[in-house]
Amino acid sequence: MNPQTIREGYNFAYLDEQTKRMIRRALLKAVAIPGYQVPFGGREMPMPYGWGTGGMQVTAAVIGQNDCLKVIDQGADDTTNAVSIRAFFRDLTGVKTTERTEEATLIQTRHRIPEKPLQAGQVLVYQVPIPEPLRFIEPSEVETRKMHALEDYGVMHIKLYEDIAQFGHIATAYAYPVLVNGRYVMDPSPIPKFDNPKMDNSPALQLFGAGREKRIYAIPPYTDVKSLDFEDHPFEVQTWKQCCAICGSTESFLDEVIMDDQGAHEFICSDTDYCRERMASQEMPV
Amino acid sequence: MNSIALQAGFKDAVTDAQQVFRSLLKVMSEPGVIEQLDQSGALETLCPAAFSTCLALLDSTTRIWLAESFNSDSVSKNLSFHTGCHLTRDLSEADFVLCRADQLPALDQLKLGSAEYPDRGCTLLVQVAQLSDMALPGATQLTLQGPGIPDQRSLSVVSLPTTLISYLTARPDPFPLGLDIVLLADNVATAIPRTTRVEVN
Ligand SMILES: [Zn+2]
């Protein structure tokens with residue numbers, strides 16, 4: 001750490017110690033009850049909701065001098081959101097930052113899980129807009145708490161089955177609900193369902209922060225995470241006929257991009273670090 | 001009036017608290033893993049790991065219950081001074097219970113939370129004689145399974161009380177209820193949260 005780089009007059013990682021302690025106690029309960037949403041008394045962050053204030057509060061409570069931080073938004077390290085959050089923590093902690101997944105000890109993300117498999121010891125912090133997977137059917141928190149307590153998840157299956165009746169397949173493609181440790185139905189945040197299998201038995205610790213609703217939840221490493229499905233309609237991830245127009249990958253999550261005003265389009269990796277590294281290894285002289 | 005000597009807490013309150021928390025997060029999310037925890041010294045009979053845990057987690061919004069041997073003027077004054085925590089004699093309202101292995105309170109008196117709010121349950125901090133991932137002579141050898149554990153993990157605990165062993169193997173409170181237990185020995189710590197299935201070898 002280089003203390004010179006830390007902005008003066010601010011607490012380490014912005015939050016005061018009492019707020020960090022409260023979030024830390026919530027995090028310890030969250031990992032002890034995988035998939036369960038722990039309420040916490042969140043504080044305002046100097047960024048608007050929708051910018052990942054829940055994820056930022058979790059990161060602020062977790063981050064230490066020895067961490068190396070990566071921040072991604074839709075898989076990219078260079079969007080305004082990712083750049084701002086990374087600069088915020090760099091200026092208020094002095095920690096090292098990186099764009100390389102394997103170098104990071106702490107990764108804050110919105111909407112993606114990196115393509116490169118995460119390792120033991122890494123912590124992935126998700127920014128969550130709506131933490132309650134049952135909210136679409138039940139607006140009352142008292143009722144959704146009761147449903148979780150009773151494992152009353154029939155409505156979730158009905159919702160998915162309505163998809164099948166209407167479209168012939170499960171149309172839910174983002175924030176696809178999962179069952180954690182065989183007990184709690186959990187919203188994985190708006191990641192593509194392509195990423196859901198990466199959550200299952202990951203060696204990394206996964207933490208989720210919702211700023212507006214002030215909820216924290218977690219998946220410890222090596223924990224069963226199953227995407228909800230039906231015997232006759234098993235869970236499937238997105239696939240593409242195309243490969244990445246830049247690196248040629250056929251195994252990554254692809255974004256469709258418009259190339260010109262004639263409407264020509266291409267598909268490229270949403271994970272910029274993954275794509276760049278594949279390109280670099282292809283350019284290397286043999 | 002006797003004056004009570006104040007002991008030093010963390011050297012660097014911000015950094016030390018963060019490091020202790022990261023170790024606790026590690027052991028709570030990977031049960032049976034043993035982490036070094038010595039960011040503070042001992043406080044009387046409280047080992048460094050126990051005192052460090054208190055310094056990192058307690059404040060004026062938390063209530064702690066201390067077992068008899070820890071409930072001295074010096075310990076309570078120091079904990080109040082450094083953290084501002086409330087000491088309670090009512091087990092059922094304690095957020096944290098701190099005890100030596102041979103002074104375990106009645107576990108069925110501890111706060112459990114509810115099915116809607118299982119996070120409101122008590123965290124039980126137990127100071128034991130020794131912890132190791134290798135079989136220690138005279139120790140209780142545990143095999144742990146569950147979230148945070150690939151396959152299974154061995155944990156060897158010297159002076160693990162029989163009532164705690166029976167609690168862990170019987171799990172009388174069905175999940176999501178249950179006690180989350182942190183074991184502290186000298187300058188190391190591990191945890192056995194409510195999700196861990198425990199077998200005694
Ligand atoms: Zn690519």
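Numbered from 1 within each chain, the chains take letters A, B, ... in sequence-line order. What you see is a predicted model, and the numbers here were worked out from it, not measured in a lab. Worth knowing before you read on, the calculation uses all heavy atoms, side chains too, and leaves out hydrogens, waters and symmetry mates.
- Remark: aromatic rings of A:Phe89 and A:Tyr14 are distant, center separation not under 6.0 Å.
- Heavy-atom distances place both the backbone and the side chain of B:Thr123 under 4.5 Å from chain A.
- Side-chain atoms of A:Glu132 come within 3.5 Å of backbone N or O of A:Leu134 as a donor-acceptor pair.
- For chain A, no part of B:Thr196 is nearby; none of its heavy atoms comes within less than 4.5 Å.
- The backbone N or O of A:Tyr126 sits nowhere less than 3.5 Å from a side-chain atom of A:Ser189 that would complete a donor-acceptor pair.
- Looking at B:Glu30, only its side chain comes within 4.5 Å of chain A, counting heavy atoms on both sides.
- The parts of B:Leu24 that come within reach of chain A are both its backbone and its side chain, each placing non-hydrogen atoms under 4.5 angstrom from that chain.
- With chain B as the partner, the residue from A:Ala32, A:Pro203, A:Pro220 showing the most heavy-atom pairs under 4.5 Å is A:Ala32.
- B:Ser92 and B:Gln109 share no side-chain donor-acceptor pair at under 3.5 Å.
- Between B:Lys11 and B:Asp16 no salt bridge is recorded (no basic side-chain N to carboxylate O distance below 4.0 Å).
- Looking at B:Ala191, neither its backbone nor its side chain comes within 4.5 Å of chain A, counting heavy atoms on both sides.
- A salt bridge links A:Arg100 to A:Glu102: one of the charged nitrogens lies within less than 4.0 Å of a carboxylate oxygen.
- Of the charged side-chain nitrogens involved, none lies within less than 4.0 Å of a carboxylate oxygen, so that B:Asp173 and B:Arg194 do not count as a salt-bridged pair.
- No other option in A:Lys20, A:Met22, A:Arg24, A:Gln18 has as many heavy-atom pairs under 4.5 Å with chain B as A:Arg24.
- A side-chain donor-acceptor contact under 3.5 Å links B:Asn78 to the backbone of B:Ser74.
- Heavy-atom pairs under 4.5 Å with chain B peak, among A:Asn11, A:Asp224, A:Ile63, at A:Ile63.
- Interface check for chain A: of the options B:Ile149, B:Asp95, B:Asp151, the most heavy-atom pairs under 4.5 Å are formed by B:Ile149.
- Residue A:Asp16: no heavy atom, backbone or side chain, is found under 4.5 Å from chain B.
- Of the atoms belonging to A:Ala61, it is backbone heavy atoms, and not side-chain ones, that fall under 4.5 Å from chain B.
- The pair A:Lys226-A:Asp200 does not count as a salt bridge, with every side-chain nitrogen at least 4.0 angstrom from each carboxylate oxygen.
- Taking 4.0 Å as the cut-off between side-chain N and carboxylate O, B:Asp59 and A:Arg25 count as a salt-bridged pair.
- A salt bridge links B:Arg63 to B:Glu93: at least one charged side-chain nitrogen sits closer than 4.0 Å to a carboxylate oxygen.
- We find the CG-NZ distance between A:Leu69 and A:Lys96 to be 12.0 Å, quoted to the nearest 0.5 Å.
- Heavy-atom distances place the side chain of A:Asn66, and not its backbone, under 4.5 Å from chain B.
- Inspection of non-hydrogen atoms places A:Arg145, A:Lys146, A:Ala149 of residues 145-156 of chain A under 4.5 Å from chain B.
- Among B:Gly121, B:Pro176, B:Pro118, the residue making the largest number of heavy-atom pairs under 4.5 Å with chain A is B:Pro118.
- With a 4.5 angstrom heavy-atom cutoff, A:Leu205 touches chain B only via side-chain atoms.
- Per-residue heavy-atom pair counts under 4.5 Å with chain A were compared for B:Arg120, B:Met28, B:Glu116, and the maximum is reached by B:Glu116.
- Comparing B:Leu25, B:Thr62, B:Thr61 by heavy-atom pairs within less than 4.5 Å of chain A, the highest count is held by B:Leu25.
- Between the side chain of A:Thr19 and the backbone N or O of A:Leu15, no donor-acceptor pair lies under 3.5 Å.
- Surrounding CG of B:Leu177 are more than 12 heavy atoms belonging to other residues, nucleotides or ligands, all under 6.0 Å away.
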